[in-house]
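Reading through the structure tokens given below for one structure.
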Amino acid sequence: MAITGDGTAAEGALPLHAGATANRTPAPAAAVSEDCEAQNIGYRGPTACAAAGITYRQLDYWARTGLVEPSIRPAYGSGTQRLYSFRDVVVLKIVKRLLDTGVSLQNIRTAVQHLRSRGLADLTRMTLMSDGATVYECTSPDQVVDLLQGGQGVFGIAVGVVWRDVEGALSQLHGERVDTGETLVGKNPHDELARRRNRAG
């Protein structure tokens with residue numbers, strides 16, 4: 001699917017258009033991310049920033065402008081913490097990469113809508129290619145090659161690679177159970193305070 005309305009896709013690749021959604025049945029999501037979604041595990045702003053490789057200022061600006069809003073809990077004012085889902089963090093990292101490569105904000109907004117409409121397993125198989133004007137979704141190596149041969153793919157983002165990077169980063173960081181507020185300590189925790197909080201709770 002295409003992210004802008006003015007590009008034409010090479011055969012097989014789908015240019016992403018605003019408002020377009022794919023008519024595919026999502027495959028089962030991978031186990032770790034499925035667990036995160038099923039157990040309602042969220043990540044606070046600083047954790048989301050660390051995993052996505054962005055600054056807190058970027059995170060705050062993107063949330064306030066509606067580019068990437070936390071799907072679990074928005075900030076309701078002073079004292080409340082935004083809570084991001086696993087998918088949110090993947091999208092944050094992809095947005096950063098698209099911005100770094102010069103894709104327009106309008107195209108990125110459409111890409112974000114498209115990424116949110118897809119199943120997690122769909123994301124792991126997807127490659128986003130762009131010629132700077134249009135963003136294309138490719139789901140096979142042949143589609144990537146077609147775009148490159150047609151001169152339309154200047155750069156690509158393998159969403160599955162981003163997905164695994166985020167998963168690895170979050171496994172080292174702290175999450176939070178949405179239902180109880182319990183802090184979930186990462187595999188290599190250095191925060192004794194989180195451990196004490198769990199014992200006290």
Side-chain angles (χ1 to χ4, degrees), residues 1-5 7 15-22 29 33 36-37 40-120 122-124 126-137 154-176 178 184 186:
M1 301 205 74
I3 291 176
T4 65
L16 301 178
H17 296 282
T21 56
S33 302
C36 290
E37 300 270 311
N40 282 328
I41 297 172
Y43 303 94
R44 293 188 177 196
T47 300
C49 288
I54 61 174
T55 66
Y56 194 83
R57 179 175 290 186
Q58 287 174 307
L59 182 84
D60 184 58
Y61 180 72
W62 295 350
R64 285 189 291 107
T65 58
L67 179 61
V68 185
E69 297 176 281
S71 60
I72 295 179
R73 186 174 67 215
Y76 292 111
S78 61
T80 61
Q81 294 259 351
R82 296 186 184 104
L83 210 56
Y84 291 81
S85 69
F86 174 83
R87 180 198 296 266
D88 294 337
V89 181
V90 171
V91 171
L92 286 167
K93 193 173 183 76
I94 291 170
V95 166
K96 181 183 187 300
R97 292 196 179 181
L98 290 171
L99 282 170
D100 288 347
T101 50
V103 175
S104 74
L105 195 57
Q106 180 183 351
N107 291 353
I108 290 173
R109 283 187 183 279
T110 309
V112 168
Q113 291 171 4
H114 180 71
L115 291 168
R116 288 195 178 283
S117 74
R118 304 301 297 274
L120 284 172
D122 290 335
L123 298 185
T124 66
M126 183 189 302
T127 299
L128 295 178
M129 301 287 294
S130 179
D131 55 6
T134 302
V135 180
Y136 301 87
E137 174 194 341
V154 176
F155 69 88
I157 299 172
V159 179
V161 173
V162 176
W163 185 91
R164 287 188 293 275
D165 287 350
V166 168
E167 191 172 64
L170 289 176
S171 73
Q172 309 298 317
L173 300 167
H174 302 323
E176 179 179 318
V178 178
L184 303 173

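Atom set for the values below is all heavy atoms of this structure, side chains included, hydrogens, waters and symmetry mates excluded.
Ser71 meets the side-chain hydrogen bond (donor to acceptor under 3.5 Å, both in side chains) test with Ser85, Asp88; sequence neighbours excluded. Partners of Thr47 under the side-chain contact (heavy atoms from CB on, under 4.5 Å) rule, at least two apart in sequence or in another chain, are Tyr43, Leu170, Leu173. For Arg164, there are no side-chain hydrogen bond (donor to acceptor under 3.5 Å, both in side chains) partners two or more places apart in sequence or in a different chain. Residues passing the side-chain contact (heavy atoms from CB on, under 4.5 Å) test with Tyr56, sequence neighbours excluded: Pro46, Cys49, Leu59, Asp60, Arg82. The side-chain contact (heavy atoms from CB on, under 4.5 Å) search around Lys96 returns Ile54, Trp62, Asp100, not counting sequence neighbours.
Taking OG1 of Thr101 as the start and CG of Leu99 as the end, the distance is 7.5 Å to the nearest 0.5 Å. Note that the CG atom of Leu128 and the CZ atom of Arg97 stand 11.0 Å from one another [nearest 0.5 Å].
The heavy-atom pair separating Ser117 from His114 by the smallest distance is OG-O, 2.7 Å. Across Gly175 and Ile41, no two heavy atoms sit closer than the pair CA-CG2, 4.3 Å. Scanning all heavy atoms of the two residues, the minimum distance from Leu67 to Val112 falls at O-CG1, 3.5 Å. The minimum heavy-atom distance between Pro70 and Pro74, with the atom names listed, is CG-CA, 3.7 Å.
Partner of Met126 under the side chain to side chain contact (heavy atoms under 4.5 Å, CB included) criterion, chosen from Leu115, Ile157, Ile94: Leu115.
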Pair Val91-Tyr84, side chain to side chain contact (heavy atoms under 4.5 Å, CB included): steps then yes or no: CA-CA 10 Å; Val91 171; Tyr84 291 81; over 6 Å; no
Start with the C-alpha gap between Leu83 and Arg44, add the side-chain angles, then the distance that decides, and say whether side chain to side chain contact (heavy atoms under 4.5 Å, CB included) holds. CA-CA 5 Å; Leu83 210 56; Arg44 293 188 177 196; 3.8 Å; yes
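Considering only heavy atoms from C-beta on, Val135 stays 4.5 Å or farther from Met129 through its side chain. Residues Arg64 and Tyr61 form a side-chain contact, since some pair of their non-hydrogen atoms from C-beta on lies under 4.5 Å apart. Between Val166 and Phe86 the shortest side-chain heavy-atom distance falls below 4.5 Å.
Arg87 contributes a side-chain N or O that, together with a main-chain N or O of Arg118, makes up a donor-acceptor pair within less than 3.5 Å.
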